[in-house]
Amino acid sequence: MKMRILTLTMVAVMGLLGTVSAQKTVVDIAVGSKDHSTLVAAVKAADLVATLQSAGPFTVFAPVNAAFDKLPAGTVANLLKPENKATLTKVLTYHVVAGNLDAAAVVKAITDGKGKVVVKTVAGNSLTVTLKDGKVTLTDENGGVATVVAADLKAGNGVVHVIDTVVLPK
């Protein structure tokens with residue numbers, strides 16, 4: 001009887017440890033950041049949570065709340081309306097690149113590209129990535145520029161780089 005209790009206890013502990021050690025997804029990283037509550041609300045409104053919790057890998061350029069605040073007044077509220085879901089999805093997926101591009105890979109690609117690299121986003125549009133004053137910058141198709149302010153937040157299904165401005169597709 002003692003052996004059975006010990007075995008059941010061991011099974012329960014191993015199950016708990018498996019749950020605790022499960023790797024976070026790119027969504028979990030954003031959800032765990034108070035500076036990304038607007039992004040999290042937008043991802044939920046666009047029904048992208050399940051997609052971004054899938055195997056990936058994804059490289060996510062995650063704008064902070066202050067980045068969304070830079071947009072013209074009413075833009076975020078308008079994008080969050082159900083009738084604008086397709087536009088919101090396009091904006092959000094413009095911040096995602098397929099693959100696991102950590103900072104070292106990004107800098108190497110920029111160096112190999114003689115100062116810049118153009119990456120294709122999940123939205124199907126392009127971002128130009130460069131180095132300016134030692135910092136990685138993204139230039140969108142409209143000429144808007146975002147700077148990576150924190151890099152290499154690793155997840156089980158990719159990596160998150162925090163940016164200071166929302167990039168917008170054409």
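- Annotation: Phe61 is in aromatic contact with His161 [ring centroid separation under 6.0 Å].
- Panel note: side chain Tyr94, backbone Ser126; a donor-acceptor pair is recorded below 3.5 Å.
- At least one side-chain heavy atom of Val136 sits less than 4.5 Å from a side-chain heavy atom of Val107.
- Taking hydrophobic clusters as Ile, Leu, Val, Met, Phe, Trp and Tyr residues chained together by side-chain heavy-atom distances below 4.5 Å, Phe68 shares a cluster with Val162.
- Between Asp164 and Lys70, the closest side-chain pair of non-hydrogen atoms falls below 4.5 Å.
- Checking side-chain atoms of Asp112 against main-chain N and O of Ala109 turns up no donor-acceptor pair under 3.5 Å.
- No hydrogens or angles considered: a donor-acceptor pair under 3.5 Å links the side chains of Thr25 and Asp28.
- A 4.5 Å side-chain heavy-atom check between Val118 and Val129 finds every atom pair outside the cut-off.
- Side-chain atoms of Thr75 do not come within 3.5 Å of backbone N or O of Leu71 as any donor-acceptor pair.
- Without hydrogens or angle criteria, Ser33 side chain to Ala30 main chain gives no donor-acceptor distance under 3.5 Å.
- For the 3.5 Å distance criterion, the side chains of Asn125 and Lys120 fail to qualify, holding no donor opposite an acceptor.
- Taken from OG1 in Thr93 to CG in Leu88, the straight-line distance is 9.0 Å, to the nearest 0.5 Å.
- Under the 4.5 Å side-chain contact rule for hydrophobic residues, Leu168 and Val76 share a cluster.
- Thr59 pairs with exactly one of Val26, Val119, Val97 by the side chain to side chain contact (heavy atoms under 4.5 Å, CB included) rule, that one being Val97.
- For the residue pair Ser37 and Asn65, a side-chain donor N or O sits within less than 3.5 Å of a side-chain acceptor on the partner.
- Checked for salt-bridge contact, Lys154 and Asp102 meet the test: a charged N lies under 4.0 Å from a carboxylate O.
- Taking the side chain as every heavy atom from C-beta outward, His95 and Ile163 approach each other to under 4.5 Å.
- A heavy-atom distance below 4.5 Å is not found between the side chains of Thr137 and Leu131.
- Under the 3.5 Å distance criterion, the side-chain polar atoms of Asp152 are matched with a main-chain donor or acceptor of Ala103.
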